[in-house]
Amino acid sequence: MGAALLGGMLKAEVVEASQCVATTRTGASAAALAKRFGILATAGGNREAAAAADIVILAVKPVNVSKVIREIRDVLRPDQILISLAAMLPLAVLEAEAGVPMAVFRAMPNIPVILEEGAIGLSHNAVATRAQREMVESIFRAVGVVAWVDDEQMDAVTALSGSGPAYVYIFIEAMIAAGLKMGLSRDISTRLAEQTVLGAAKHVRDSGLHPAILRDQVITPGGVTIAAIHELERHGLRSMLISAIEAATQHSRNKTRAMLDSLETPQP
Ligand SMILES: NC(=O)c1ccc[n+]([C@@H]2O[C@H](COP(=O)([O-])OP(=O)(O)OC[C@H]3O[C@@H](n4cnc5c(N)ncnc54)[C@H](OP(=O)(O)O)[C@@H]3O)[C@@H](O)[C@H]2O)c1
């Protein structure tokens with residue numbers, strides 16, 4: 001995700017390669033990033049990179065975020081911006097770990113940021129100024145569509161759009177399988193299924209119409225589409241998706257709550 005964001009930022013010229021430093025755990029990843037983006041990349045140089053930075057973006061797995069913040073906390077400054085991409089780690093925990101009164105942001109991107117077609121939820125702490133919010137928004141606008149939310153809503157954003165591409169991949173996979181079952185070739189099934197999802201999503205976005213209206217426009221009385229929709233309703237596709245996103249939100253909320261509880265429990 002860090003590499004995808006970096007690629008989008010460089011492509012959109014939000015930053016220049018000479019302004020970016022990436023740090024990784026292994027030398028192989030650092031070398032690959034340096035080669036791919038023409039930036040300075042080091043393994044294990046978190047402290048040095050953070051000390052020299054205006055904006056620090058944490059793109060490690062949630063389980064590693066606290067460890068990395070503790071590594072860099074003594075070089076963090078109030079004039080810097082700290083951005084975490086980690087799921088389930090609320091702003092209050094990031095602020096407590098940082099221990100410096102600084103602007104802290106959370107971003108929940110999704111994987112299409114690789115193509116600058118991401119959907120990104122953003123939240124900020126009370127310290128962040130308007131200018132800092134605009135700066136952070138410009139970074140993420142380079143790789144997709146941005147929505148500001150309260151930090152408490154980040155669990156729902158994670159479940160809807162953060163994980164969302166995985167649900168859509170299943171949908172496309174099933175469409176391809178259906179094409180195969182009906183005797184279409186692999187190539188034709190794949191191309192038709194992917195373009196159908198892409199085109200329908202663009203139609204929803206560009207028309208500004210509710211998808212139910214667009215769906216109704218495709219239905220001919222007594223026709224093919226309504227026969228399929230009847231089957232989808234019978235098997236509960238819509239309800240299944242709502243339940244899936246509800247379950248994912250709850251899962252994220254439970255983890256977030258546990259993080260906040262550990263903050264409230266005095267450490268021995
Ligand atoms: N993947 C998604 O679709 C998605 C969506 C939304 C948000 N996110 C969030 O994005 C974050 C990153 O996820 P990911 O899927 O990109 O993880 P990932 O593929 O495992 O990448 C993590 C990166 O962090 C580096 N790293 C690990 N420990 C480090 C340390 N101590 N110091 C410096 N670098 C370290 C790793 O370096 P090495 O390569 O050398 O091991 C690797 O480059 C997570 O917090 C996740 O919640 C991901």
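Just follow the structure's listing: the first ligand is 1, and inside any ligand the first atom is 1. As a basis for the values below, the full set of heavy atoms in this structure was taken, side chains included, without hydrogen atoms, waters or symmetry mates. Nothing here was measured: the structure is a model prediction, and the numbers come from that model.
Pairs passing the salt bridge (Lys or Arg N to Asp or Glu O under 4.0 Å) check and including a residue from residues 168-188, sequence neighbours excluded, read Asp187-Arg191. For residues 146-155, every residue pair satisfying the salt bridge (Lys or Arg N to Asp or Glu O under 4.0 Å) rule, not counting sequence neighbours, is listed here: Arg106-Asp151. For residues 55-79, the set of pairs meeting the side chain to side chain donor-acceptor pair (under 3.5 Å) definition, not counting sequence neighbours, comprises Asn46-Glu71, Arg47-Asp74, Ser66-Glu97, Arg70-Glu97, Arg77-Asp79.
Using cut-offs of 30° and 60° for the angle between ring planes, the His124 and Trp148 rings count as perpendicular.
Between Arg130 and Glu134, at least one side-chain nitrogen of the basic residue sits less than 4.0 Å from a carboxylate oxygen of the acidic one, meeting the salt-bridge criterion.
Between Leu82 and Leu58, the closest side-chain pair of non-hydrogen atoms falls below 4.5 Å.
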Under 3.5 Å: N or O atoms of ligand 1 paired with protein N or O:
from, atom 1, to, atom 2, distance (Å)
ligand 1, 15 (O), Lys61, NZ, 3.1
ligand 1, 16 (O), Met1, N, 2.8
ligand 1, 17 (O), Lys61, NZ, 3.4
ligand 1, 32 (N), Asn46, ND2, 3.0
ligand 1, 37 (O), Arg25, N, 3.2
ligand 1, 39 (O), Ser29, OG, 2.6
ligand 1, 40 (O), Arg25, N, 3.1
ligand 1, 40 (O), Thr26, N, 2.7
ligand 1, 40 (O), Thr26, OG1, 2.6
ligand 1, 40 (O), Ser29, OG, 3.2
ligand 1, 41 (O), Arg25, NE, 3.1
ligand 1, 41 (O), Arg25, NH2, 3.0
ligand 1, 45 (O), Val60, O, 2.6
ligand 1, 47 (O), Ala87, N, 3.1

